[in-house]
Amino acid sequence: MSLRLRLTLWYSGVLALTMLLFGIVLYVFLNYFLYDQIRQDLKREAGNTSLRIQKSIALSQKGLVVELELENRDFYSTNTFLQLYNVNLKTFNRSANLQFYNVALPLDTSSIDKLKGDDGGFFQKTKVLEQDFLIYYQGIYDQSSNLIGILQAAVPIGSYERTAVTLKYTLMFWALFTIIVAASLGWFLSRKALQPIERVIDAANQIGSGDDLEKRIEYQGPLDEIGRLTQTINGMLSRIQITYLELDEAYRAQRRFVSDASHELRTPLTTIRGNVDLLEKMWKKTSGTELATPEQMQMSLEAMHDIAGEAQRMSRLVNDLLALARADAGVVMEKHPVEMLPLVQEVVRRAQLLEHTAEWQVGDLEVLDHAIVQGNRDYLQQLLFIFIENAFKYTPVGTVSIHVSRTNDFVGIQIADTGIGMDKEDIPRIFDRFYRADLSRGLTTGTGLGLSIAKWIIDEHGGSVEVTTRKDEGSTFMIWLPANFPLPV
């Protein structure tokens, strides 16, 4: 069952129940009001007649038998019929209009029994000559409260009954007509109200059957439930689009990563394989009793050096990939308070032993005295070595320098060089994996993973890095790390 049909049925059901209750209350109220007025008039007429009869009894009482007679009045002009029954004589005295129509009001023993010993009266509906009448029974009593007569006052109620029946059928017809009209109108309005939901469904189906995640649901109505639903779905579609683009970018990055990693691993493996084949061919030509010639020994040493160098290169690449895999897996590095001055001094000392052709300059490091960074000592050393090794690698001639500074909450470590520099277009991508700004120039060798690892270490320590570079003039990396500066004891 559709939502539109359910809404129409619910609305029609509530309306039908409301109309039913309204019709019942209206019918009962009008019926009571009409008959109450008739009863009051009938009871008043019977009461007045009974008083006159009681007075005549007091004047004309003869022994135990009382002559009961209705007062001679012109009853042709009234709609009330009177009949007086003498209990002792068992005789009837009727009003002129009853005599004219030759009609007698019914009276049974049960009615007589109800009035004995009671000075009240009661109403009864009955049919007389196929006509509906309302009869009021009033008892006539003597001075000893004995029932001596019964006065019946009757009025025809056929017109009232027909009015009540007409009212009942009119209410039923009007209620049924109203429900049908309301249901039809509700069916039409529910369709109009649910059109935005249908547009939502159509748009969702189009998006689900295609790749157009930029499509949005158009809605020009008020900000009601439908409007808020549309906004929510549009917002969800925006988030899905962003997530899809991020996943797509991550997938492309993964493919680039696998391709670049395969390329980087293939080169040393090819070198190792070629040297092993060379050694195998060369030593197969030499018998077991012959000594190797100096040329063979030299070629063997060069091949083994190449194999060792490529193995070291592969080892560094695997270590770098392992570090990045840990970063991707969300591994949280252990952190402890680290004094920055001894750490930087040790890095500066060991940096002099690295292979380099540029001049190594060290600034004043004393500003780091008492500076404490909450971090990992090994990773912080690796961070500084990555920038220093890159500076040496890309500065064949010139200087590489390290300077430090501090603010209230941070320590800054600046590593600058006067090497080949970079284009400003390369800066946003230098921290991407396997990206190398000089790849097209082929000036240096490397895997392009160092700066990616450095960026991860900086992020894990809550720091930041600033890059300033100019092509053929050098680059400057400013590393900021949050630090504490406790007062010396």
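Checked by atom type and distance alone, the side chain of Ser475 never pairs as donor or acceptor with a backbone atom of Thr469 at under 3.5 Å. At distances below 3.5 Å, not a single donor-acceptor pair connects side-chain atoms of Gln131 with backbone N or O atoms of Ile157. A side-chain donor-acceptor contact under 3.5 Å links His461 to the backbone of Asn376. Although no hydrogens or angles enter the test, the distance criterion places no donor-acceptor pair under 3.5 Å between the side chain of Asn484 and the main chain of Ile372.
Using the six-membered ring where Trp is involved, Phe81 and Phe133 have ring planes that are perpendicular, over 60° apart on the 30 and 60° scheme. The aromatic rings of Phe123 and Tyr136 sit tilted, their planes meeting at an angle between 30° and 60°. In this pair, Phe477 and Phe387 present their aromatic rings tilted. The plane angle is within the 30 to 60° band.
For residues 14-32, there are no salt bridge (charged side-chain N to carboxylate O under 4.0 Å, His left out) pairs, not counting sequence neighbours. Pairs of residues two or more places apart, or lying in two chains, that qualify as salt bridge (charged side-chain N to carboxylate O under 4.0 Å, His left out) and include a residue from residues 25-44 are Asp41-Arg44.
Donor-acceptor pairing under 3.5 Å is recorded for the side chains of Gln83 and Arg94. Side chains of Thr468 and Thr476: no donor on one and acceptor on the other come within 3.5 Å.
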- request: In sequence, state the C-alpha distance, the side-chain angles, and the governing distance for Phe92 and Leu84, and then conclude on side-chain contact (heavy atoms from CB on, under 4.5 Å).
  value: CA-CA 6 Å; Phe92 290 92; Leu84 180 61; over 6 Å; no
message: Would Leu343 and Arg377 count as a side-chain contact (heavy atoms from CB on, under 4.5 Å) here? Give the steps.
response: CA-CA 8 Å; Leu343 184 145; Arg377 183 180 182 85; 3.7 Å; yes
Pairs of donor and acceptor atoms involving the side chains of residues 168-184, under 3.5 Å and at least two apart or interchain, shall be tabulated with distances.
{"residue": "Thr170", "atom": "OG1", "partner": "Thr166", "partner atom": "O", "Å": "2.6"}
{"residue": "Thr178", "atom": "OG1", "partner": "Trp174", "partner atom": "O", "Å": "2.7"}
{"residue": "Ser184", "atom": "OG", "partner": "Ile180", "partner atom": "O", "Å": "2.9"}

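Across Ala154 and Ile135, no two heavy atoms sit closer than the pair CB-CG1, 3.8 Å.
Applying the side chain to side chain contact (heavy atoms under 4.5 Å, CB included) test between Ile148 and each of Ile140, Val87, Leu89 identifies Ile140 as the sole match.
Atom CD of Gln99 has more than 12 heavy atoms from other residues, nucleotides or ligands within 6.0 Å.
Using a cut-off of 4.0 Å between Lys/Arg side-chain N and Asp/Glu carboxylate O, Asp132 and Lys125 are scored as not salt-bridged.
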